[in-house]
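Residue numbers begin at 1 in each chain, while the letters A, B, ... track the order of the sequences.
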Amino acid sequence: MKQILHIFLKDTRRFWPEILVSLAITAGFIWLCPGEWQRAGIYGADSYSLAGGSLMAMSSALEVLVPVTWWLLIARVIQAESLVGDRQFWLTRPYEWKKLLAAKVLFVVAFIYLPIFIAQCLLMLLGGFNPVSYIPGLFCNLLLLTGILVLPIVALATVTSNFARLTLTLLGVAPGLLILAAISALAAMRGSSIATPIDSRISFVCLFCVCVAAIAKQYARRDARLSRLLLVAIPVLFVASGLIAPDVLLINRTHPLVAGQAGAPVQLSYHLDPRTGFSASVGTPASIIGIPIPLEANTATEGTIVVFEGAKADIEAPDGAHWTSPWQRLDVPYQVPGENHDYLTLFTMPRALYNRWKGMPLSVHVTYELSLAKAAPATRVAMPMSDFAVPDFGVCTPLTNWMIPFNEATGIACRSALRQPTITYISLVWSDAPCNGKPAEAGSGVQGSGWAGGLDRETADFGISPVKTVSFLLSNGLKDQRGQEPRYLCPGTPITFTRYDLIRRAQAEVSIRDFHLPDLPRGQD
Amino acid sequence: MNPTTNPTIRTENLSRSFGRTAALAQVSLTVPEGAIYALVGANGAGKTTLIKLLMNIFRPTAGSAQVLGIDSRRLAGKRFTHIGYVSENQELPETMTVGAMLDYCRGFYPEWDRSLEAQLVRQFDLPLGRKLKHLSRGMKMKAAFASSLAYRPTLIVLDEPFSGLDPLVRDELIEGLLERAPETTIFLSSHDLAEIESLSSHVGFLEQGRLLFSEEMPVLMHRFRDVTVTLDAPAPLPANLPTAWLQPQTADCVVRFVHSNYSEPAAARELAEFFPAARNIAFDPLPLRQIFLAISKSGRARSEAQADPHAAAKGTAA
């Protein structure tokens, strides 16, 4: 312990200017970040003003600068006892590698983790959340920051001899990451891979473990070549896993296929309304064609919504030719239970195949990866003209606008703690006229609604700020199509928040005989 | 303690390659306790590589080394509390002041002697308040010496410590070193042969990664002789001269060479055999510098002859 403290104190004395800069930027972030939520409430008034816009830009810049100062601090402190080279003063001194590593960890904890933890607690308090209630989430967020930001920077700092080399390495890594992102995007576009809840955890664990192994190896052996190889293995592993895509195994595990329609949690049937014609669409790239499949979904449990996450199509032509698609990601709007059972799903197929099979009666079998979520008891809030908390959702603020009379709300802006809320259906009644501080007349007004949140059940999302802006769009918020005239939310207007909790993940199938591939819109075929 | 049974340093077939280049090949040497062992050799001979292998900065490709009875590959942490290491190209913590560096180093050594530290600071005239990056090379070396001697190490390893220093600084460093000599073993590499000759008890000679010899200084000095043979009349060099005769040259009636394996009766017999008409034969002791040059030059000539035998033959004829 004595040696750990000895090295720690030396680093603290040596790097106090860098520490001060980092703390100042973190303090600036705490100061400016809440302005973003407060300004969300007076969106039009502030964000377009020079001062408001500048403050928002500064807040965003500081959110980027905080990890940049970490990069600087980590690089400086790790490379104070550089692990690359054979001329360093400390190599022949009685340093014990475990204690040296512990001293560096202590430095990172003291000047990166502790400040950001305090900053996050303060931001939560300022955002209207009690940090004590979110301790596991805060630690989960620190874990994510560790795995995604801190450990990779530490690992790179251990295999580079100085700050310049580390910077050059990062600049070299950036194009590599862009290429990786491009490959992943291409793979996603071609429908070769969809994410499962397990995927991201596996990637995170891989990244975490490889970085820890590289750092430990480098401290124990100072074999930069081996550690660099380990680090190079990470992107190679990710690209390989993206291309090989063991999705089927993962999806079968997370979304089990229920044999037989009777026991299935949801009954899907192909439902083509002859009055509504669906046409195929040209995808990106143009060599793929999107084929719509309208469905009717009936769940076994009342008050349940169906969340379509992925699809895999299997097509058989009359001549016996077969084509099976990989798992493809789906983005299908949710439907309010009891109101509508119709969903429009889509899968993509190669254009060459589309052209060959167009006009033929095909046998199509589509397997869907879906989740079922059941409504929890609704929370009803009488619209106040200040911040209001919604249990299990977040904190909302009436949305005002500089173009409308003072003390009128044209919507709500909401924020949640550490992650996006669980899928929530928000419904309210709009008033066509300004409220003048009075409640709306009973029975008047226009219904508005929207969906917010997602099914992701992680304790925290990755990010420097622990307060997340919840994005949603409420229907009928504008009186006309051109978006000139807003509708209003009067004080006391009931706003209903209905949370949908995940009850089951499953696969469901639909078989369609004599399916004809729909035509492309004119001019696109 | 018997130095042969428990040497401070012992290497066995120690080898290190960098890619396809063999920097050190099968070096076996022993440094007895209490010795001042000087490792000499031309640039690129492998001296620094050998020292870095001993200090576990490099790992051997083959063979092994024991330092203070420990496998060099396990030399780390507390083991270094008994070893002082100073190298000409060591990267010091430049942003620290001399005083801060000494304070910092002190924390690592339970045996740190503050009075010795104060004495070394006085002796080397070290400016405690100045940053290392603002010091001259000589001053930096003195600071490095002070930080490596103040804990009274059992073994002091020095890699070209006097290289590029002015004579005054050299003298100060050697003086500081010799004061520690009775209580320690010193292993140093150096080009400064005059200094080495005056302070070393043992010497090893590395050439192109191979250890040509490793022995006590008096034995070495006795083994090498500058031999001058005066003949009655000019005569060409006889063929098949002994390999122990280095750099044989002839000019007029005089033949000169360096005998690398001199012992009085045997040398006289050999010379009588090759030069029966010799008028006079003189055996003069050689300084270490001359020995070093003779070995280096003859080694280089041998290498050239192996690389291009035809050209070498022409050169000899000329």
Side-chain angles (χ1 to χ4, degrees), chain A residues 1-19 72 75-104 106-107 160-165 216-227, chain B residues 16 18-19 23 48-49 51-59 67 72-97 100-101 103-112 131-132 140 143-144 147-148 150-151 153 155-160:
Chain A
M1 192 64 192
K2 197 180 154 200
Q3 189 174 110
I4 297 171
L5 282 176
H6 190 60
I7 300 168
F8 169 76
L9 290 174
K10 180 266 297 180
D11 287 335
T12 307
R13 275 193 294 270
R14 182 170 170 191
F15 298 118
W16 67 264
E18 287 91 338
I19 293 168
L72 180 77
R76 300 283 285 145
V77 78
I78 295 290
Q79 291 173 345
E81 273 88 11
S82 174
L83 297 155
V84 179
D86 53 28
R87 296 178 174 189
Q88 302 91 303
F89 157 83
W90 70 275
L91 293 180
T92 50
R93 299 285 173 175
Y95 280 81
E96 287 176 45
W97 76 264
K98 286 176 190 164
K99 291 181 179 172
L100 176 62
L101 179 56
K104 303 300 174 185
L106 182 61
F107 186 93
T160 48
S161 55
N162 55 47
F163 186 70
R165 280 179 189 272
K217 194 86 194 152
Q218 188 62 351
Y219 268 90
R221 293 286 303 268
R222 299 194 321 274
D223 189 345
R225 203 168 46 172
L226 188 67
S227 302
Chain B
R16 169 73 198 203
F18 295 100
T48 297
T49 302
I51 285 179
K52 287 186 173 172
L53 285 168
L54 294 177
M55 293 292 96
N56 195 22
I57 295 172
F58 291 157
R59 289 185 160 246
V67 179
S72 65
R73 285 166 296 193
R74 292 175 54 213
L75 203 61
K78 281 181 187 159
R79 317 267 193 207
F80 278 110
T81 53
H82 304 294
I83 299 172
Y85 170 81
V86 177
S87 166
E88 62 159 344
N89 54 21
Q90 202 170 14
E91 288 168 1
L92 296 173
E94 302 262 313
T95 52
M96 283 188 186
T97 61
M101 185 186 72
D103 286 346
Y104 181 56
C105 289
R106 196 184 303 130
F108 287 96
Y109 299 94
E111 309 283 320
W112 188 278
K131 285 192 174 176
L132 286 159
K140 277 184 196 170
S147 71
S148 301
Y151 48 93
L155 169 66
I156 298 171
V157 178
L158 307 167
D159 187 7
E160 302 281 0

Rounded to the nearest 0.5 Å, how far apart are CZ of B:F108 and NZ of A:K2? 10.5 Å

Near B:R59 CZ, under 6.0 Å, is it more than 12 heavy atoms from other residues, nucleotides or ligands? yes

Exceeds 12 heavy-atom contacts within 6.0 angstrom, atom NZ of B:K140: yes

Working to the nearest 0.5 angstrom, can you tell me the gap between B:M101 CE and A:K10 NZ? 13.0 Å

Pair count under 4.5 Å, heavy atoms only, with chain A: among B:K78, B:K52, B:M55, B:R79, highest is B:K52

With a 4.5 angstrom heavy-atom cut-off, which part of B:S87 approaches chain A: side chain, backbone, both or neither? neither

Chain B neighbours within residues 216-224 of chain A, where any heavy atom lies under 4.5 Å away: A:R221, A:R222

Members of residues 88-95 of chain A whose heavy atoms come closer than 4.5 Å to chain B: A:Q88, A:F89, A:L91, A:T92, A:R93, A:P94, A:Y95

Is A:L9 close to chain B through its backbone or its side chain, or both, or neither, when contacts mean heavy atoms under 4.5 Å? neither

Between B:N56 and chain A, which part of the residue has a heavy atom less than 4.5 Å away: side chain, backbone, both or neither? backbone

Let's test your reading of the structure: which of B:I83, B:V157, B:N89 forms the most heavy-atom pairs below 4.5 Å with chain A? B:N89

Rounded distance [0.5 Å steps], CG in B:D103 versus NE2 in A:H6: 8.5 Å

